[in-house]
Protein chains: 2
Amino acid sequence: MEAITIKDIAKALNLSTSTVSRALRNSYEINPETKKLVMEYAERMNYRPNPIALSLKDSKSKSIGVIIPEIANHFFSQLINGIESIAYNLGYHVVIFQSHDSYEREVANTNYLVSRKVDGLLVSLASLTTDLFHFQDLMERGLPIVFLDRVPKEIETHKVVADNFAGAYEATKHLIQSGRKRIAHLTSPIYLSNTTERLAGYKQALEDHQLPFDESYVKYCHYGGKIVSENEAAIQEMLSLPEPPDAIFTASDKLTTGCMAVLQQKKIRIPDEIAIVGFTNIGVADLLNPPLTAVVQPAMDMGQQAVELLIRLIEHPQKNAEFEIRSLKTSLIIRQSSGHS
Amino acid sequence: MEAITIKDIAKALNLSTSTVSRALRNSYEINPETKKLVMEYAERMNYRPNPIALSLKDSKSKSIGVIIPEIANHFFSQLINGIESIAYNLGYHVVIFQSHDSYEREVANTNYLVSRKVDGLLVSLASLTTDLFHFQDLMERGLPIVFLDRVPKEIETHKVVADNFAGAYEATKHLIQSGRKRIAHLTSPIYLSNTTERLAGYKQALEDHQLPFDESYVKYCHYGGKIVSENEAAIQEMLSLPEPPDAIFTASDKLTTGCMAVLQQKKIRIPDEIAIVGFTNIGVADLLNPPLTAVVQPAMDMGQQAVELLIRLIEHPQKNAEFEIRSLKTSLIIRQSSGHS
DNA sequence: ATCGTTATCGGGAACGTTGCCAGTTGACAG
DNA sequence: CTGTCAACTGGCAACGTTCCCGATAACGAT
């Protein structure tokens, strides 16, 4: 606990704290000998500057906050790995918070991170967030924020997303080309950017292939598949339609596995009766029964690009800012669940 | 950015900072009217004490550090959820770091967290950590640490683990009772507490059922299944034995899925040719092909108990300390991969 | 009138660091 | 011998907060 401070060094070497400080910072106006003396002593005593004191002084912390819905999700944990790999190399620390898709938690986490003087924020919106004031306010006050994956339309800043439209289009098209006619879409709340983009891709693919769009084939699950009963109800509703779907395109990790679980439990054969394509980064897709056809997002890459943009924003405060929206390609990995022959 | 401070309040209300400070803290020696004035003004201006300043002053931060091997792992993310749920309620913040099973990273993270003045540490050891000085040193300097899951024998403090011996015993016994005779064990480096305990349970089960223990049936994967080729090599070695195993008991998430992937790729039928039981908390065990028999750890509970112990340690510095080792029961969930009829 | 008490408040130091402003030397030109 | 200028170093304030110590006034009690 008794960490050594600059003051201790000053006392031991009979110097002033300022001198020590400048010596350690290798200032030109310090006698090389003194410098050497200080540096060696500091080294020997294993001196580490106190980041808290520095933060207090400079209102900077060399750390960035990450707010994501949850970490128990392959997409987000890969995202984090991407973020960390870059941030680490650039000398930034990463502080992770989960919103658990709750608006209140997101706000609380945001406030805490700000009071902790993070230099910037990386955010993927909670599914239940509709009011964006807490972020808008911060941005106006000059805090750099970069959004990724689930991004708000209303805020102007750098954003990194997957090409959801193309991914959904490709997935739907794949199902169509595999012979499916009645393709359902199980997705998240409509006010997520993801949802509308994927929905649009899905619709466009239907249209381009002369299939009708039927609103009753689209189900929005507010809790993103985390509440089983909601899933189950949504799927049950679709199955009870006069013409039940012969394929389901699911829009997230949890929705996909949740859907598979429900079908399995109902003894509905995949893909014979219903084919599935999931928008998911789940790691064991090819170990599933049946192996899952998936639209995979370049999560790691997304994380990396997002930090890069953020750190650029932090270190070169906006030259009143052209903001970028980077849209990264997804890849469709075809396995058996889509019934592709 | 221009957060309001106690000084601002003092100036605005024509008081001294000390008075404001005490008013906010509801000190008895402040005139109730003054108090009201201050509190209302603070409320109106949305005053929040600066945690950095507090940390500097008290060398306390009301936050705890968590160092785990990796987040992209169901066991650990559940652990985190358990930790957060309790810590949050007790007014502590949780700062998560991944060691990625690297000793250097573990040390770096530890140092950073300590310099950031976390009030305590929750640690699950990196698989490549053998030198424990960085933790021992901290403990001697009075920093509360609680280990969980992967714990060191050499350090005396609270520990929370799963009952690895019993879990492994039960898994092995289950395989034996399902008619398997040549049960292999795919596991992590031997210097992890987990590994030895699970190995012991495995051995004991063999012995109790009059099966010979054969060292060539035990493979230690240093990278815990994260490096596919290592997995593959280990499994290949076992398959090339004169008497290849008819069952494999795998000791972790990644080892389990890795093993299944290799068998699948080699077109070895599970469980017909080789049965599998995995020590894993993977969420989609029943969606796998075949559904996976698993020894599940009460990860959430483990996390919760560990924080409780840690916070107790933080808030009631050791009454020279009876240290607890809590061992929580695992549960064997039987599915098809073990070939149970 | 003097003193102790109580109630209420302000001053200043401290946490660790940096940066500005001032010294204090010594050398050297004038 | 003085003035100037480097070269080097020290003092101090500041970041936001708390806490110890006093200070002030009112008010009985002595």
Side-chain angles (χ1 to χ4, degrees), chain A residues 1-39 41-42 45-63 91 111-112 114-119 142, chain B residues 1-39 41-42 45-63 111-112 114-119 141-142:
Chain A
M1 297 289 85
E2 357 71 33
I4 180 163
T5 78
I6 229 173
K7 227 179 265 183
D8 299 328
I9 302 183
K11 210 170 295 169
L13 265 40
N14 239 332
L15 292 169
S16 80
T17 56
S18 353
T19 304
V20 175
S21 172
R22 267 166 304 174
L24 289 172
R25 211 129 303 292
N26 207 357
S27 161
Y28 68 98
E29 48 179 347
I30 293 293
N31 188 324
E33 283 180 40
T34 314
K35 225 184 260 184
K36 187 150 163 269
L37 195 67
V38 171
M39 301 249 230
Y41 186 81
M45 301 304 281
N46 196 26
Y47 167 79
R48 293 283 173 272
N50 182 327
I52 304 234
L54 288 178
S55 295
L56 218 212
K57 188 138 202 2
D58 309 337
S59 287
K60 281 205 169 11
S61 60
K62 274 282 181 180
S63 65
N111 288 335
Y112 180 73
V114 169
S115 70
R116 270 283 162 199
K117 298 271 180 274
V118 289
D119 299 339
Chain B
M1 297 291 84
E2 358 71 34
I4 182 165
T5 78
I6 231 174
K7 228 180 262 184
D8 300 328
I9 301 183
K11 208 170 298 170
L13 265 40
N14 237 332
L15 291 169
S16 78
T17 57
S18 349
T19 305
V20 175
S21 172
R22 270 167 299 176
L24 290 172
R25 203 126 318 288
N26 208 355
S27 159
Y28 68 97
E29 48 178 345
I30 294 294
N31 187 325
E33 283 179 39
T34 314
K35 222 183 264 181
K36 191 155 159 262
L37 195 66
V38 172
M39 301 250 226
Y41 186 81
M45 301 304 281
N46 197 26
Y47 167 79
R48 294 280 172 275
N50 182 326
I52 306 233
L54 288 178
S55 295
L56 219 212
K57 187 131 203 13
D58 310 338
S59 287
K60 277 200 170 20
S61 61
K62 273 283 181 179
S63 65
N111 288 336
Y112 180 74
V114 169
S115 71
R116 270 283 160 196
K117 298 274 181 274
V118 288
D119 299 340
R141 294 208 248 135

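All values derive from a computational prediction rather than experimental measurement. The sequence lines fix the lettering, A, B, ..., with proteins before strands; numbering per chain opens at 1.
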Side chain B:Ser18 and base C:dG11 donor-acceptor under 3.5 Å: yes
Spatial distance of atom NZ (B:Lys117) from atom CG (A:Asn50) [nearest 0.5 Å]: 5.0 Å
Nearest-angstrom distance from the residue atom NZ of A:Lys11 to P of C:dA14: 10 Å
Gap between atom CZ of B:Arg116 and atom OG of B:Ser63 - 0.5 Å precision: 9.5 Å
Minimum side-chain heavy-atom gap A:Met39-A:Asn26 below 4.5 Å: yes
For atom NZ of A:Lys117 and atom P of C:dG16, their distance in whole Å: 20 Å
B:Ile4 and B:Ile9, any side-chain heavy atoms less than 4.5 Å apart: yes
Sugar-phosphate only, base, or nothing, as touched by A:Leu15 at under 4.0 Å among non-hydrogen atoms: sugar-phosphate
Between OH on residue A:Tyr41 and CG on residue A:Leu24, distance to nearest 0.5 Å: 12.0 Å
Under 4.0 angstrom between B:Ser55 side-chain N/O and C:dC15 OP1 or OP2: no
Short side-chain N/O contact to C:dC9 OP1/OP2 from B:Ser16, under 4.0 Å: no
Euclidean distance, A:Glu29 CD relative to A:Arg22 CZ, rounded to 0.5 Å: 5.0 Å
Nucleotide C:dG10, atom P - distance to CG of B:Leu13 in whole Å: 10 Å
Value in whole Å for how far the C1' atom of C:dT18 lies from NZ of A:Lys60: 14 Å
Whole-Å gap separating P (D:dC19) and CG (B:Leu24): 13 Å
Distance in Å, B:Lys62 NZ paired with B:Leu54 CG, rounded so as to fall on 0.5 Å steps: 11.5 Å
From CG (B:Asn14) to CG (B:Leu37), nearest 0.5 Å: 10.5 Å
Exam field: side chain B:Lys35 to backbone B:Ser27, donor-acceptor pair closer than 3.5 Å: yes
Rounded distance (Å) that lies between atom P of C:dA7 and atom OH of B:Tyr28: 9 Å
Sequence-aligned protein contact record of nucleotides 22-27 of chain D, with B where the base is within under 4.0 Å of a protein heavy atom and S where only the sugar-phosphate is: ------
Short side-chain N/O contact to D:dG10 OP1/OP2 from A:Thr19, under 4.0 Å: yes
Side-chain heavy atoms of B:Ile30 within contact of B:Arg25, under 4.5 Å: no
B:Lys35 NZ to C:dT8 C1', straight-line distance once rounded to whole Å: 11 Å
Degree of bending in the helix from C:dA1-D:dT30 to C:dG30-D:dC1 once both end axes are built from five pairs, to 10°: 90°
Whole-Å distance separating the CG atom of A:Leu37 from the P atom of D:dT9: 10 Å
4.5 Å side-chain heavy-atom contact, B:Val20 and B:Leu13: no
Is there any protein nitrogen or oxygen under 3.5 Å from a nitrogen or oxygen in nucleotides 13-16 of chain D, and what are the pairs?
unit_1	atom_1	unit_2	atom_2	d
D:dC15	OP2	B:Lys7	NZ	3.1

Member of B:Ser61, B:Ser55, B:Ser59 meeting the side-chain contact (heavy atoms from CB on, under 4.5 Å) criterion with A:Ile52: B:Ser55
